[in-house]
S.K.: 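Below: one structure in structure tokens.
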There are 2 protein chains.
Amino acid sequence: MAYVTVIDEQNSAAAGPAANALPNSAGALFQLLRDGTPRTRSDLTAMTGFARSTISARVEELLDSSLIRPAGENSSTGGRPPSTFSFNPDARSVLAVDLGGTHARIAVTDLAARVLAEKEQELDITRGPVAVLDAVGAIAMELLQEAGRSPEDLLGVGVGVPGPVEFATGRPMSPPIMPGWDHFDIPGHLRQWFPGPIMVDNDVNAMALGEHAVTYPGVANMMFVKVATGIGSGIISDGRLQHGAQGAAGDLGHIATPDGDTTPCTCGNSGCLEAVASGPAIAAQLRESGFDVPHHAAMLELVRSGDLEALRTVRQAGRQVGSVLAGCVNLLNPSVIVIGGVVSTAGEHFLAGIREAVYSRSLPLATQHLRIVATQTKARAGVLGASTLVTGHGLSIENVNRLIG
Amino acid sequence: MAYVTVIDEQNSAAAGPAANALPNSAGALFQLLRDGTPRTRSDLTAMTGFARSTISARVEELLDSSLIRPAGENSSTGGRPPSTFSFNPDARSVLAVDLGGTHARIAVTDLAARVLAEKEQELDITRGPVAVLDAVGAIAMELLQEAGRSPEDLLGVGVGVPGPVEFATGRPMSPPIMPGWDHFDIPGHLRQWFPGPIMVDNDVNAMALGEHAVTYPGVANMMFVKVATGIGSGIISDGRLQHGAQGAAGDLGHIATPDGDTTPCTCGNSGCLEAVASGPAIAAQLRESGFDVPHHAAMLELVRSGDLEALRTVRQAGRQVGSVLAGCVNLLNPSVIVIGGVVSTAGEHFLAGIREAVYSRSLPLATQHLRIVATQTKARAGVLGASTLVTGHGLSIENVNRLIG
DNA sequence: GTACTTCTGTCGAGTGTCAATCAAAAGTCG
DNA sequence: CGACTTTTGATTGACACTCGACAGAAGTAC
């Protein structure tokens, strides 16, 4: 145990002594099959360099564990046709929980983050951890039954929460909008229903992970930006989700916009992005222009109705977001920026404003291959990411070796 | 080969087929000893979980290869006193090259990035890759002789260059201040003198790596900011140096400052940090105030002389840097920011300006454990980082197993 | 049907690791 | 000085993982 930990910190490689008692290559083979593509034993020997006999033995183990399944035969190339097999996402399932400020989305997914059963429900996060998680547990049991799965069938549970999280322990850290949750042991409480590993992360981080896994699996450097009541982001650099030192990375909301705006922000500073381009900020600007938009929904409706003043306001908010993102692009040099959150549903004008500002203010080298796109996974991004959180760790080489052994 | 590559991309673990023919644990053991602390065989069995017999066998191999060396005996705890051994940084050496716009610093170091021989020399990067690298090669051969080492003794060569680099190939990518270097195969050219691996990276990335390895080895999230003719940074997140999609990550120079400044910048935009807080920008501001500061050096001298107006100007430049760094802190949540580059030698006022702006504009959660400090390694940061670039890859588990086998 | 190609399963050999044992070395404690 | 403790080295058999070679299975080409 100590061994694995130490090595992971230092260089993240080599199997520990325990791993040596198990087939070492089964987990590695499995990683090659995880993309879902059917492959033959020959494919795998070519890809890995292992001997045919070794491949055959490990493939058989993986078939026995049902982590992979037969996928028919390829056509012959002059001799016996090779049999193929591929990842079997139905081998286990995952419970994915996405908690927002006012409602929760809970899903049971397979190992490829495909939703088997799902429910969205009003759930006020301010009711505190015990009440909220008890409700989540009850809904989850219903969904498992609906999907024909049991708690023992779960590879693990993934949870996204609207605040910073100490990832290693799964505890929220001074979350501003989650009274009563500070340092609460979320995995500890959920363990009464679910035996497997329970992973907790910030909701925007989860969304980034979900969009990445489902839509941009090969992209090493990506940002997911959520624009809603607040403005936050999840950062994937070098293929890994970045948490920062206190799990507070990705907070775009209180970065100052470059135009010297002095709108006061709830944080005490002025000119924060959240104060000028969030959902409430846009609604407030429209109210100043004389519109009757008491909340988000009304604002979005007004924009979708095509009102020119509303469109102009939304586009200008997009520019503000883009002006901050331009700095992020220079700093992180991502190849994809995904825009999500309710405000992004306002239409193309918001995205156009973002693009306009980013491409005019970032450096050519950083923007030449940069794509700025709207989320494909939309409201599901959170649960898909929570699912990915679990499979990312539960289907790692070490874990697969453990599952087989 | 293909195996290692594929696995590294997917999950970075498991030994390849070739590795199995070699002792697997020697490299892992070595990682535990790399911090330089002397340890006993018992220490290692406790840390790794390996059997005593295995440890003894691998330790002997490491001793034979001279990667570790005896380090005396511990005091007895009632029985025979255990013998200890520790990392032997003298086992091999490293050639470290730090190329700037107008001069080069070249060093031969040991495996712990301690300088054995060093030379700094005027060398105009615009003379082109062949002329510059030929000069570097000649100086390097001299330094090797001075240090009593041979090219075969090198674990590898590390090079820092003042522009973006495609890290995998070691080629500069559209570098603005390196005419003739675009896509030049630097490792290919240096290979005529040096047989080992040759790693090239951006100079600021190298500085970040150097400061990290020498001064903040345990810190997982760090930024190194260089303020000189330009303003750039090297980002270490989750313990890894971040390059971004095109190797262009870390460019702070052309991020817009939040105060709406409209000073025109060489990049075509206005209000860029580089236009208001770089060495030349500070000098220009002082000239406007009537001072005779034709260049950097004169400006720094004026500041060090204690002139109040100059101090005020430098402090204000610090605030500008800090206002941009505040955004970086929100985005990346580092625990240490190191300030380097010639402008940082102007004194505490610059650093004070940075701190003032960062702590007033970043979120409390992100700043509560944040340290903003001046570089300890100073002008040597670049070569130390170039050295670390080589040891980071050359002393990895796989490589150590190869060195022994 | 026969020859050929390609895929697949089985077996023994080689190697790394473990657990156990014995013996020697080098201290401490009474 | 002798008894005890702890470390170290050497050796052994057992086990797991991998490899390479061989033989059998299942197609195609003539």
Side-chain angles (χ1 to χ4, degrees), chain A residues 3-4 14-30 38-64 68 70-85 397-398 400-402 404-405, chain B residues 3-4 7 13-29 38-46 48-64 68 70-85 397-398 400-402 404-405:
Chain A
Y3 177 85
V4 172
N20 205 276
L22 298 169
N24 237 332
S25 51
L29 276 189
F30 179 69
R39 296 185 203 280
T40 68
R41 290 177 176 81
S42 301
D43 289 343
L44 295 175
T45 55
M47 293 171 83
T48 63
F50 278 103
R52 277 184 288 258
S53 51
T54 306
I55 297 284
S56 282
R58 299 306 151 235
V59 162
E60 191 153 349
E61 283 179 315
L62 287 169
L63 284 169
D64 285 347
I68 65 175
E73 293 189 348
N74 275 358
S75 57
S76 166
T77 57
R80 175 174 174 173
S83 60
T84 68
F85 17 77
I397 294 186
E398 298 82 14
V400 168
N401 284 332
R402 206 172 308 153
I404 291 173
Chain B
Y3 176 83
V4 172
I7 298 302
N20 203 274
L22 298 170
N24 237 334
S25 52
L29 277 188
R39 296 185 203 281
T40 68
R41 290 176 177 82
S42 302
D43 288 343
L44 295 175
T45 55
T48 63
F50 278 104
R52 276 186 287 260
S53 51
T54 306
I55 297 284
S56 281
R58 299 304 150 238
V59 162
E60 192 153 349
E61 283 180 315
L62 287 169
L63 284 169
D64 285 347
I68 65 175
E73 295 187 348
N74 273 359
S75 59
S76 166
T77 59
R80 172 173 174 172
S83 61
T84 68
F85 17 76
I397 294 185
E398 298 84 13
V400 168
N401 284 333
R402 208 172 305 153
I404 290 172

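First the proteins, then the strands, lettered A, B, ... as listed; each starts at 1. Nothing here was measured: the structure is a model prediction, and the numbers come from that model.
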S.K.: Please compare B/Phe85 and A/Thr54 by the position of their nearest nucleotide in DNA chain D and report the one closer to 5'.
M.R.: B/Phe85

S.K.: Starting at atom CG of B/Asp64, determine the distance to atom P of D/dG9, rounded to an integer number of angstrom.
M.R.: 12 Å

S.K.: Please report the distance, rounded to the nearest Å, between CD in A/Glu60 and C1' in C/dC7.
M.R.: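 Nearest whole value for this atom pair: 15 Å.
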
S.K.: Using 0.5 Å steps for rounding, measure from the CD atom of A/Glu398 to the CG atom of A/Asn401.
M.R.: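 Rounded to the nearest 0.5 Å, the CD-CG separation comes out at 7.5 Å.
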
S.K.: Is any N or O donor-acceptor pair between the side chain of A/Ser53 and the base of D/dG20 shorter than 3.5 Å?
M.R.: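 It does, because a donor-acceptor pair links the side chain of A/Ser53 to the base of D/dG20 below 3.5 Å.
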
S.K.: Please find the pair of heavy atoms, one from A/Gly27 and one from A/Val400, that lie closest to each other, and give the distance.
M.R.: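 The pair with the smallest heavy-atom distance is CA-CG1, 3.8 Å.
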
S.K.: In whole angstrom, what separates A/Ile55's CD1 from D/dA21's P?
M.R.: 17 Å

S.K.: Rounded at 0.5 Å granularity, tell me how far OG1 in B/Thr48 sits from CD1 in B/Ile55.
M.R.: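 Rounded to the nearest 0.5 Å, the OG1-CD1 separation comes to 3.5 Å.
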
S.K.: Heavy-atom distance under 4.5 Å between the side chains of A/Phe30 and A/Leu62, does that happen here?
M.R.: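 A/Phe30 reaches A/Leu62 side chain to side chain.
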
S.K.: With a non-hydrogen cut-off below 4.0 angstrom, is A/Thr40 in contact with a base, only sugar-phosphate, or nothing?
M.R.: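 Touches nothing.
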
S.K.: Test your reading of the model: is there a side-chain donor-acceptor pair from A/Asp64 to the backbone of A/Glu61, 3.5 Å cut-off?
M.R.: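 Between the backbone of A/Glu61 and the side chain of A/Asp64 there is no qualifying donor-acceptor contact (under 3.5 Å).
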
S.K.: Kindly compute the distance separating CG (B/Leu29) from CD1 (B/Ile68), expressed to the nearest 0.5 Å.
M.R.: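 Between B/Leu29 CG and B/Ile68 CD1, I get 8.0 Å after rounding to 0.5 Å.
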
S.K.: Rounded to whole Å, how long is the line connecting atom CG of B/Leu44 with atom P of D/dT8?
M.R.: 10 Å

S.K.: Give A/Ser56 one of three labels, base, sugar-phosphate or nothing, depending on what nucleic acid heavy atoms sit under 4.0 Å from its own.
M.R.: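 Sugar-phosphate contact only - A/Ser56 comes under 4.0 Å of backbone atoms but never of a base.
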
S.K.: Select base, sugar-phosphate, or nothing to describe what A/Arg52 touches, counting heavy atoms under 4.0 Å on all strands.
M.R.: base

S.K.: Between the main-chain N or O of B/Ser53 and the side-chain N or O of B/Ser56, is there a donor-acceptor pair closer than 3.5 Å?
M.R.: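 No, B/Ser56 side chain to B/Ser53 backbone: no donor-acceptor pair under 3.5 Å.
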
S.K.: In whole angstrom, give the distance that lies between atom CD of A/Glu61 and atom C1' of D/dC17.
M.R.: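 After rounding, the reported distance stands at 10 Å.
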
S.K.: Check the distance between D/dT5's P and B/Asn74's CG and give it to me in whole angstrom.
M.R.: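 My rounded result for the distance is 21 Å.
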
S.K.: Choose from C/dT8, D/dA10, D/dT18 the nucleotide whose nearest atom is closest to any side-chain atom of A/Arg58.
M.R.: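 Nucleotide nearest to A/Arg58's side chain: D/dT18.
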
S.K.: Tabulated below should be each protein N or O lying under 3.5 Å from an N or O of nucleotides 26-30 of chain D; please produce it.
M.R.:
{"from": "D/dG27", "atom 1": "N2", "to": "A/Gly78", "atom 2": "O", "distance (Å)": "3.1"}

